[in-house]
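Below, read A as the first sequence line, B as the second, and so on, with proteins coming before strands; counting in each chain starts at 1.
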Amino acid sequence: MKTMSFGDAIEDALMQAMAKDENIIILGEDVQGMRLNLRVRFGRDRVLPTPISEAAFVGAAVTAAMGGLHPVAEIMMVDFIGVTMDAVLNHAAKIEKFSGGKWKVPLVIRAACGGGYGDGGQHEQSLWGWLAHIPGLVVLVPSTPADAGGLMTSALAYDGPVVYLEHKLLSEDWLDSLGGGGRENVKFDVPAEGARGEVPKIWEPIPIGQGVIRRDGKDLTVVSVGVSVHRAIEAALKLEKEEISTQVIDLRTVTPLDKQLVIGCVSKTGRMLVVDEDYQGFGLSGELAAITLEAGISLKYARVCTQETIPYSRPLEFQVLPNVERIVEAAINLVKA
Amino acid sequence: MTESPRQQLVPDLWRLYTDMYRCRTFEEEVSHLWKEGFISGEMHLSMGEEAIAAGIVSQLEDGDALALDHRATAALLARGVDPLLLILEFMGKPEGLNGGMGGHMHLFAPEHLAASSGIVGASGPAAVGFALANQRLRPGKIAVAFFGEGATNQGMMLEAFNLAVTWKLPVMFVCKDNGQAIVTQSSKVTGGNLIERVKGFGLRVLEVDGRDVEQVWNSITEEISRIRNGEGPVFVHAVCEHLEGHFMGDQLLRFARPSMGETIKMAAPLVKAHTQSKGAPLRERTAGLKEMLGLIWETIRKHRPREGDPIPLLRKKLASMDAEKLRVIETEVKAEITQIIDKAVLPSEQKGNG
């Protein structure tokens, strides 16, 4: 097995897909530098740098997709999706239904997400729950290099709009560019298994909507996505010392949600702890509670999420984003209280 | 046009130099603290923009509003915000300007009606709203928007131009044009001519050399009076350079001043991309490589020390006028900033906690 960094896995999967399908194009800010290898290999008309005009180029990507291309629109950080929300909410997500299923929008919106490097609340949001709220979108959030490449392969094989989010703590180029800036003396809590790991020789799609059990346990089920999966696994090791056996589910896809997996696991453990870096209210954590209740499961439930605007200050940011201590505490309360 | 009593007819060059030099000295310290890890995340310095900030902000008064971008330090210092509060905010301290919640891209000083944003283009509509409030609540007061030329390709900015003209709002749109939108050359992603485009909205346009503070001050002083008198918005196009690139640790600059490690890291996948089967024809692949080398070369060319730096230009003039006065000013500014940094960074603090 070969190993790869998270970012390289995404690029490698793109490379494989672009070599096979000439209709895949990349457009976005600074891509002539950030996706230099792809631009050199596939040419300047397939990797297009854009002006800082998210509303225009994501809006255009929607109809470019309708016209036969398969665009990957890069908006740098998911926070900036605010600028182009109309294209996402009212167009990309709607056209298939509006057209009576006659017209598909095969589009990938790729963006970096997440915090933990002190960049402030306008550059560190997750927003996957907010996006998943909109019918018609697929939202993918990989947590390992193998999933990063596999899910990018799926996104490029899918015939609808996909939001593909890569966490900046896992993607070394983003973290270096925005957090480190070439400095050696700034430390980040990067989950090693997420940043680099085994990858297949040839990329195969990972089914969209399929979560995975990262760790088995019988006392409670932690349901999570992205970097929080790694925090949850770290917490599970600590919980072992408290004689609490913790199961960890990595959803990988926020929507469509792998309800079957969650319901199956939670019905056995009877306890669900959601660890979600996205905002707590009206989001993924509440949705997970709803689907288990709807399935008629009697369960104990708790959540560790981001409850407020993410502070710039790193000590405050640490408290606000889900961390291992908060997960351990919530798990103990859930099991022992 | 009625001449307001507060209006000076000539710029106080000593004050402008003090503002610029103070900002530069402060940001040199910010740069050190960032490098030492006391400041987290990105850091966009105003270095190279000081003349624009000083030349314009020094002419503002109470009730005037500032809509700032992610590079707000120079404007806030010139407006009178305490540098200690700024550095503490950059360091994420609870005693900082905004309690460590915002950081350098999200700075807010309500007493000066000054608000910044990390979203490119956001300062356009922000200035329009401040101006609308001023038009009703504080007649004669204006709003100034600072942004880069990259932001003029954002829809919200163009919509803001239209709104400001339509409602004849007291707005000064200040475009700090360094020719580079993040790391993309603006000329490659901008259609037509920016000045003509802006004129198409019905905005008055002023073109100034943003490296020459005297020119900036002189050009805009009359415009500010016109805006105060209700004659509607103006667009100021001020050319400048960013001496430290887009932000601290700018990857283009790192490639332009590379270590062996970075060069190898960059070269290996490129060779692969150039030679692997399937993809564009060889000529196109080579063109892609040449383009990147061109960008790096351009970065090297643009970042020759002192070229495009607004400070030596004025310094030379003042030195010939009164070298001793200049020395005193510089000594005082240095002492002030040193004292502030000493207050901000306690000796007990560990390095690298950014």
Side-chain angles (χ1 to χ4, degrees), chain A residues 8 11 15 18-20 29-34 36-47 49-56 59 76-77 79-80 82-84 117-124 173 176-187 309-317, chain B residues 34-37 40-43 89 92-94 96 99-103 105-106 117-121 150-151 153-156 181-184 186 188-190 247-252 254 266 269-270 272-274 276-281 284-285 287-289 291-292 295 351-354:
Chain A
D8 285 350
E11 177 146 309
M15 190 88 74
M18 289 177 80
K20 243 188 255 173
E29 292 129 335
D30 287 350
V31 292
Q32 80 283 21
M34 287 199 307
L36 174 61
N37 302 326
L38 297 171
R39 185 152 152 109
V40 166
R41 176 155 174 201
F42 297 108
R44 289 168 296 174
D45 56 351
R46 288 185 68 191
V47 180
T50 62
I52 309 174
S53 311
E54 292 91 351
M76 291 202 152
M77 280 165 262
D79 314 69
F80 307 161
V83 180
T84 184
Y117 63 99
D119 212 10
Q122 223 173 40
H123 286 68
E124 290 199 324
D173 282 350
D176 175 52
S177 160
L178 303 172
R183 295 176 291 179
E184 302 286 332
N185 51 9
V186 193
K187 301 281 176 274
T309 295
I310 302 164
Y312 161 76
S313 152
R314 288 202 66 193
L316 296 178
E317 175 198 39
Chain B
W34 182 88
K35 283 177 187 156
E36 284 172 26
S40 70
E42 302 161 66
M43 174 47 71
E89 182 64 26
K93 301 286 184 185
M101 290 296 291
M105 280 190 278
H106 319 110
S117 173
I119 304 297
V120 170
N153 286 324
Q154 274 289 31
M156 63 178 117
I182 320 179
V183 300
T184 297
S186 285
K188 298 205 168 163
V189 290
T190 306
F247 51 25
M248 292 294 295
D250 186 320
Q251 279 166 322
L252 263 184
R254 274 195 269 155
M266 190 180 165
L270 268 177
K272 217 172 136 190
H274 197 246
Q276 250 167 351
S277 66
K278 286 189 183 167
E284 173 58 27
R285 295 188 195 206
L289 268 182
E291 172 194 52
M292 191 63 195
L295 196 55
K351 282 187 179 182
N353 61 351

So for [X], is it side chain, backbone, both, or neither that comes closer than 4.5 Å to the heavy atoms of chain B?
X	result
Ile310(A)	backbone
Met18(A)	neither
Ala56(A)	neither
Met34(A)	neither
Val31(A)	neither
Leu316(A)	side chain
Thr50(A)	backbone

Interatomic distance, Met105(B) atom CE to Gln122(A) atom CD [nearest 0.5 angstrom] |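 Met105(B) atom CE to Gln122(A) atom CD measures 7.5 Å (nearest 0.5 Å).
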Rounded to the nearest 0.5 Å, what separation is found between the CD atom of Glu42(B) and the NE2 atom of His123(A)?
->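 That separation rounds to 5.0 Å.
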What pair of heavy atoms forms the shortest contact from [X] to [Y], and how long is it?
X	Y	value
Lys278(B)	Ala19(A)	CD-O, 3.8 Å
Asn153(B)	Ser53(A)	O-OG, 2.5 Å
Gly43(A)	Ala280(B)	N-CB, 3.6 Å
Met156(B)	Val83(A)	CE-CG2, 3.8 Å

Heavy-atom donor-acceptor pair, [X] side chain to [Y] backbone, under 3.5 Å:
X	Y	value
Arg41(A)	Leu270(B)	no
Ser40(B)	Gly118(A)	yes
Arg314(A)	Gly92(B)	no
Asn185(A)	Glu36(B)	yes

Please determine, among [options], the option with the most heavy-atom pairs under 4.5 Å with chain A.
options	result
Pro269(B), Gly150(B), Gly279(B)	Pro269(B)
Pro94(B), Gly96(B), Ser117(B)	Ser117(B)
Gly121(B), Ala287(B), Gly103(B), Gly155(B)	Gly103(B)
Gly249(B), Gly100(B), Gly99(B)	Gly100(B)
Lys188(B), Met248(B), Met101(B)	Met101(B)

Going by heavy atoms in the side chains, are [X] and [Y] under 4.5 Å from each other?
X	Y	value
Glu54(A)	Gln154(B)	yes
Lys272(B)	Asn37(A)	no
Arg39(A)	Glu291(B)	yes

Hey, which of Val120(B), Thr184(B), Val189(B) is the one that makes side-chain contact (heavy atoms from CB on, under 4.5 Å) with Pro51(A)?
->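 Considering Val120(B), Thr184(B), Val189(B), a side-chain contact (heavy atoms from CB on, under 4.5 Å) with Pro51(A) is found only for Val189(B).
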Non-hydrogen atoms of chain A under 4.5 Å away: do they reach the side chain of His106(B), the backbone, both or neither?
->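 The side chain, not the backbone.
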